[in-house]
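First up is the structure itself, then whatever we jot down about it.
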Number of protein chains: 2
Amino acid sequence: METRELRYFVAVAEELHFGRAAQRLGIAQPPLSRAIAQLERRLGVALLERTSRAVALTEAGSVLLVEGRAALDAVEAAERRTRRAALAGAGQPGLVLVTKAGASGELLSKLLDAYASEPGAVPVDVLLCGVGEQERLLRDGRADVALLHRPFDSTVGLDSEELRTEGQVVVLPAGHPLTAQAQVRMADVAALPGLPPPRRPGPDGTYPDGPGPQIRDNAQLYQLIALGRASAVLPESCRADLRRDLAAVPVVDAPTVTTVIAWPPHSRSLALAGLIRTAIRL
Amino acid sequence: METRELRYFVAVAEELHFGRAAQRLGIAQPPLSRAIAQLERRLGVALLERTSRAVALTEAGSVLLVEGRAALDAVEAAERRTRRAALAGAGQPGLVLVTKAGASGELLSKLLDAYASEPGAVPVDVLLCGVGEQERLLRDGRADVALLHRPFDSTVGLDSEELRTEGQVVVLPAGHPLTAQAQVRMADVAALPGLPPPRRPGPDGTYPDGPGPQIRDNAQLYQLIALGRASAVLPESCRADLRRDLAAVPVVDAPTVTTVIAWPPHSRSLALAGLIRTAIRL
DNA sequence: TGCCGCCGGTACCGTTGGGGCATGGAGACG
DNA sequence: CGTCTCCATGCCCCAACGGTACCGGCGGCA
């Protein structure tokens, strides 16, 4: 199976429409039809159910969609990492670390400082991204290592080491009645009138239904909380860089959050190993 | 990057010889030279250092060898799993479980019995293989799930659940003086005259240097122990299917062995989920 | 030192097959 | 029943893959 065939199939499987898929791929529709038909012939498997009105995935087609995406990511990763390895000989890029915008800022800066002072350290680029994007970036080679937060992020398919575990706090506008308390419970937070938890985009970029404002990162969230439009339960390390107009109260029965450093399983890079060692020693 | 290019590069990188690689690929040498040159041009990266006498990998080439193998495995896995998914509609194959020959036999048979009596169970093929092959089989789609033994097997890049933890025993010929003791220590085993531990093949199929007989599976090992040519420290569950002419003595300070059930991280199969649930409940 | 053999690269050529355009054919809809 | 939508088919062209023949560099050997 060639990656071209896989790319074609994934496009059709995602669009469920040969015309649109062909447009997305920048080719005409007939060659696409033929390519898919040939793929099915070579596999000996029906991947799509076509009627003249609609296209649907077969059971085998769904499997190939999932597995094919993973395979394409792996090929892309191979290409990107090879390019980066060549540049690394020339000097510049080193490692790319990805983490969620506005999370673990203090831990991250400590880690970068500590690593930079190690002998043999290479330059580290920091990439900030939205929730759920990190895994993808690691898998397709755009990043080498990530700071993740369990249980929100999954470490499925990655190697990881735990760095720290912390409780959570509820973030509220300064002066909110609840901020007078030394601690609260999840039930208190859930009962806050007019302060629903925000909605974050899922892996596919869409937002779940329900109340609460849609947000993309913590800066947006803080602004909405300051405006009295939302509240949020966050790891307590967020207090280190909280705005002056917000306050945080520990939530005693919230699940603890574990910050982990994670990397693709078969990495062999010495620089990465050094960064991980530094992180564990922190 | 097309899989054809990757296959070609991996062949050359493994052989370090264009002629042999071409032969292995079933093509002539000139097209292979051209394909590699074109790959390097498209990537903008030198992958090989050629002299007229020898071919060597560059830094970037080593990266592409590792990453490319992983990518090719992922593509193969996509193909195999798609084919299997199509057959599963027709009924037969179900799941493929892989484990080391001669390990966890009792646990395995319990698991298979328990799963078979679940509602909605599918047929499970059992594949027995040598040490270190399981990870490969899971990654390239020839198997769906494996029983692994930490710390001997790595679960890098896989999802897993622990099933049981056990101590280890030393296996000796029946009647050996040490079998009179209720327990021994690692130092006692290491000091056994003329009974070195066996050597098992590594991931590349070669044996480490040193004393001790070369073995491929536990049946060979048992025969060598019975002949008085070797001894071995194994998980205590091996006692369940030990030959009559062998005896086992607990080793109190040997590392404990954890049997885990492991599967590729992005599996979405209901049948697999059922098998895993059954295993955890055992 | 000059010949030989090994090895990778280059030149050239035939053929495969991917892609474009035009068209066919089946089903939904008014 | 005409029309529209959408996937498949027929036909053509050309890029590119693979094969054969040959070149050039380099080490070994007499």
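Protein chains get the first letters and strands the later ones, always in sequence-line order, with residue 1 at the start of each.
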Contact check, side chains of B:L64 and B:L6, non-hydrogen atoms, under 4.5 Å: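 Result yes, sub-4.5 Å side-chain heavy-atom pair found.
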What pairs with [X] under side-chain contact (heavy atoms from CB on, under 4.5 Å), at least two apart in sequence or on another chain?
X	answer
B:A271	B:L95, B:Y115, B:V122, B:S269
A:R150	A:T155, A:S160, A:E162, A:T258, A:V260
A:E2	A:E5, B:E2, B:T3, B:R4, B:R7
A:A28	A:P30, A:P31

Report the distance from atom CD of B:E2 to atom C1' of D:dA16, rounded to the nearest whole Å.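 Whole-Å distance recorded here is 12 Å.
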Rounded to the nearest angstrom, tell me the gap between atom CG in A:L32 and atom P in D:dC7.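 Checked: the CG to P distance equals 9 Å.
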Kindly state each residue pair satisfying salt bridge (Lys or Arg N to Asp or Glu O under 4.0 Å) with at least one member in residues 29-41 of chain A, sequence neighbours excluded.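 Found A:E40-A:R50.
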Mind jotting down which residue pairs meet the salt bridge (Lys or Arg N to Asp or Glu O under 4.0 Å) criterion with at least one end in residues 54-64 of chain A? Sequence neighbours excluded, please.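 Applying salt bridge (Lys or Arg N to Asp or Glu O under 4.0 Å) to every pair that reaches into residues 54-64 of chain A, excluding sequence neighbours, yields nothing.
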Excluding sequence neighbours, so at least two apart, what forms salt bridge (Lys or Arg N to Asp or Glu O under 4.0 Å) with [X]?
X	result
B:E161	none
A:R80	A:E76, A:D140
A:D73	A:R136, A:R139

Could you check which of D:dC7, C:dG9, D:dG19 has an atom nearest any side-chain atom of A:R50?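 The listed nucleotide nearest to A:R50's side chain is D:dC7.
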So if I take [range] and measure heavy-atom distances to DNA chain C, which residues fall below 4.0 Å?
range	result
residues 15-30 of chain B	B:H17, B:F18, B:G19, B:Q29, B:P30
residues 34-44 of chain A	A:R34, A:Q38
residues 3-10 of chain A	A:R4, A:Y8

Is the phosphate of C:dG9, meaning OP1 or OP2, less than 4.0 Å from a side-chain N or O of B:S33?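 For C:dG9, OP1 or OP2 has a side-chain N or O of B:S33 closer than 4.0 Å.
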